[in-house]
Colleague: 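I have a structure here, written as structure tokens, and I will follow up with some questions on it.
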Protein chains: 2
Amino acid sequence: MKKNKKNPEFKKYKYSFAAVDLAVFAIIKNELNVLMVKIKYEPFKSKMSLPGGRIRTYESVDECAKREFYEETGIKNAYMEQLYSFGGVERDPSTRIISIAYMILINNRDINLKTTEKYKEIYWMPVSEVPKLAYDHNKILKYAVSRLKSKLTYTNIVCNLLPQKFGLSEMKKIYEIILSRELDKRNFRKKIFSLDLINEVGREAGVPHRPSKLYSFKKRSPMIVEIF
Amino acid sequence: MKKNKKNPEFKKYKYSFAAVDLAVFAIIKNELNVLMVKIKYEPFKSKMSLPGGRIRTYESVDECAKREFYEETGIKNAYMEQLYSFGGVERDPSTRIISIAYMILINNRDINLKTTEKYKEIYWMPVSEVPKLAYDHNKILKYAVSRLKSKLTYTNIVCNLLPQKFGLSEMKKIYEIILSRELDKRNFRKKIFSLDLINEVGREAGVPHRPSKLYSFKKRSPMIVEIF
DNA sequence: CCAAAAGTGTTGGGGATACACCCATGA
DNA sequence: TCATGGGTGTATCCCCAACACTTTTGG
């Protein structure tokens with residue numbers, strides 16, 4: 001919406017604020033889940049939204065994302081990546097907020113949240129079941145999912161969705177869930193091994209079938225690797 | 001730099017502002033050029049920087065980028081893409097500014113700027129000759145160049161650096177300049193034709209050698225196309 | 001011995017790369 | 001006729017996709 005000095009809405013908002021919004025993903029029960037909060041105040045009271053908050057003047061944007069994430073989940077270290085900034089004038093009806101969206105990935109060992117009283121209403125929700133959200137958060141979530149999909153195919157980002165030790169089928173499953181398509185087992189194994197990303201570190205135990213070998217990533221730092 | 005309530009620099013800045021910075025590219029004389037302005041005021045007086053400015057409360061972030069670009073160059077329509085937001089606390093020593101960076105591409109027919117008095121000190125400069133800039137603008141420029149390189153290889157973005165009608169060698173030259181490597185002429189032609197992106201629209205005239213066929217893009221809207 | 005998931009090789013086709021000569025025009 | 005850049009085909013290699021059976025364990 002275009003506004004200028006002739007428009008009565010000019011200076012509808014006296015100030016602009018910057019905020020971060022977080023798309024926090026984990027694979028839970030064979031589904032891609034995202035962290036959602038229930039809003040406590042008007043104008044979106046009791047609607048769902050992505051977690052997030054205002055950027056303080058003394059913290060960098062990255063620090064803000066990290067702090068908000070920690071305050072809401074109790075998790076200190078996680079893979080975090082800035083996605084895109086959403087800056088429509090009307091995205092928040094009560095004030096002018098420019099939001100910088102982040103994607104955060106955590107593995108399924110870390111999904112139990114230590115929420116404080118303040119942040120009690122925070123939930124994991126399968127992305128496929130996310131309802132209409134407050135603000136433009138459906139748009140942000142859609143953007144985040146699409147970034148996640150594409151980064152899976154050309155980086156080692158999957159390591160952030162896996163526990164320290166994992167079987168190859170577990171890894172393949174993550175690709176299948178997020179890319180929504182089945183992969184050929186033999187070709188997948190060939191590809192992953194050829195990239196020389198993982199070390200064998202043991203064997204599974206106590207399963208009622210042939211136990212899988214367990215692997216671990218040699219490096220967990222972000223790298224460009226063509227996978228598909 | 002981390003700051004908290006115990007730190008004397010807490011609330012050093014009372015407000016935060018959001019701004020856009022523009023990395024405007026064109027191919028000029030077989031080099032990738034970027035638009036630079038000379039800063040008029042302290043603390044970076046007479047240093048060079050990327051063009052840009054504060055976001056107003058009544059305009060979206062995209063609109064701001066478009067307006068700033070128009071005010072500084074007189075150009076109304078150009079390919080524009082948001083890159084990344086830079087949010088370090090200390091990036092501007094005089095106040096807290098979060099900057100949303102954009103890349104803008106223009107073709108070499110449009111490089112003559114209609115600058116007003118206010119924006120007189122604006123220049124094209126080869127990226128290879130860019131000096132140390134104000135703020136964190138070298139970092140922003142580096143990011144923009146790397147995005148441009150990668151997008152060249154998997155989208156049709158090159159159409160924004162070419163005039164309406166162009167020869168295939170002209171197009172190949174752009175790839176070679178930006179990617180900094182030579183390409184095989186026959187393989188390049190094969191690849192481009194196989195993608196079915198362009199139409200033949202005439203022939204060059206008045207050159208002291210065999211005239212090239214001229215082509216035009218069928219669609220100039222952003223598309224994903226694997227080129228290399 | 002049965003159920004369940006792990007693990008293992010080969011083949012064919014398509015796209016990428018490497019490479020050298022003739023063509024059309026203006027001066 | 002010469003200088004300049006435009007335009008053209010083929011052979012090779014490598015990577016990707018398709019595909020089915022055997023192995024190992026717990027119950």
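Lettering of chains follows the sequences in order, A, B, ..., and the numbering in each one begins at 1. Computed from heavy atoms alone, side chains included, the values below leave out hydrogens, waters and symmetry copies.
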Colleague: Nearest whole angstrom, please: distance from the C1' of dG9(D) to the NZ of Lys191(B).
Modeller: 18 Å
Colleague: How many whole angstroms separate atom CD1 of Ile192(A) from atom P of dG7(C)?
Modeller: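 Result: 14 Å.
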Colleague: Determine, for nucleotides 22-27 of chain D in 5'-to-3' order, which nucleotides have protein heavy atoms under 4.0 Å from the base (write B), from only the sugar-phosphate (write S), or from neither (write -).
Modeller: -BBBS-
Colleague: Could you check whether Phe228(A) and Tyr154(A) have their ring centres less than 6.0 Å apart?
Modeller: no
Colleague: Measure the distance from CD on Glu182(A) to P on dC19(D) and round it to the nearest whole Å.
Modeller: 13 Å
Colleague: Between Asn108(B) and Leu161(B), is any pair of side-chain heavy atoms under 4.5 Å apart?
Modeller: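 Not touching, per the 4.5 Å side-chain cut-off.
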Colleague: For Ser212(A), is there any backbone N or O sitting under 3.5 Å from a side-chain donor or acceptor partner on Glu204(A)?
Modeller: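 Yes, Glu204(A) side chain to Ser212(A) backbone: donor-acceptor pair under 3.5 Å.
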Colleague: Tell me whether the side-chain N or O atoms of Lys190(B) pair up with the base of dT10(D) as donor and acceptor below 3.5 Å, since no angle test is needed here.
Modeller: yes
Colleague: Does the gap between the ring centers of Phe193(B) and Tyr215(B) come in under 6.0 Å?
Modeller: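 Distance test on ring centres: under 6.0 Å, yes.
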Colleague: Which of the following nucleotides, dT17(C), dT8(D), dT10(C), is nearest to the side chain of Asn187(B)?
Modeller: dT17(C)
Colleague: Examine the base of dG7(C) for any acceptor or donor lying under 3.5 Å from a partner atom in the side chain of Lys185(A), and report the outcome as yes or no.
Modeller: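 A donor-acceptor contact between them is present.
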Colleague: Taking for each residue the nucleotide of DNA chain D bearing the nearest heavy atom, is the 5' side occupied by Ile227(A) or by Lys213(B)?
Modeller: Lys213(B)
Colleague: Expressed as a whole number of angstroms, how long is the span from Leu195(A):CG to dC15(D):P?
Modeller: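 After rounding, the reported distance stands at 11 Å.
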Colleague: Apply side-chain contact (heavy atoms from CB on, under 4.5 Å) to Val158(B) and Phe217(B), showing your working.
Modeller: CA-CA 10 Å; Val158(B) 69; Phe217(B) 274 85; 3.8 Å; yes
Colleague: Out of curiosity, Asn160(B) CG to Phe25(B) CZ, how far, rounded to the nearest 0.5 Å?
Modeller: 13.0 Å
Colleague: Would you please classify the geometry between the Tyr143(B) ring and the Tyr84(B) ring as parallel, tilted or perpendicular, with 30° and 60° separating the classes?
Modeller: tilted
Colleague: Do the side chain of Arg220(B) and the main chain of Cys159(B) share a donor and acceptor less than 3.5 angstrom apart?
Modeller: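 Checking the backbone N and O of Cys159(B) against the side chain of Arg220(B), a donor-acceptor pair under 3.5 Å is found.
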Colleague: Just how far, in rounded Å, is P of dA18(D) from CG of Leu183(A)?
Modeller: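 Taking CG of Leu183(A) and P of dA18(D), I get 11 Å after rounding.
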Colleague: In residues 148-172 of chain A, which residues come under 4.0 Å of DNA chain C by heavy atom?
Modeller: Ser169(A)
Colleague: Please report the distance, rounded to the nearest Å, between CD in Glu226(A) and P in dA16(C).
Modeller: 13 Å
Colleague: Is there a donor and acceptor pair closer than 3.5 Å between the side chain of Arg186(B) and the base of dA20(C)?
Modeller: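 Yes.
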Colleague: Whole angstroms only, please: what is the CD-P distance between Glu204(A) and dA4(C)?
Modeller: 16 Å
Colleague: Just the rounded figure in Å: distance from P of dG5(D) to CZ of Phe188(B).
Modeller: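 Atom CZ in Phe188(B) sits about 18 Å away from atom P in dG5(D).
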Colleague: So Tyr79(A) and Tyr102(A), ring-ring contact (aromatic ring centres under 6.0 Å, His included) or not? Walk me through it.
Modeller: CA-CA 10 Å; Tyr79(A) 175 78; Tyr102(A) 279 74; over 10 Å; no
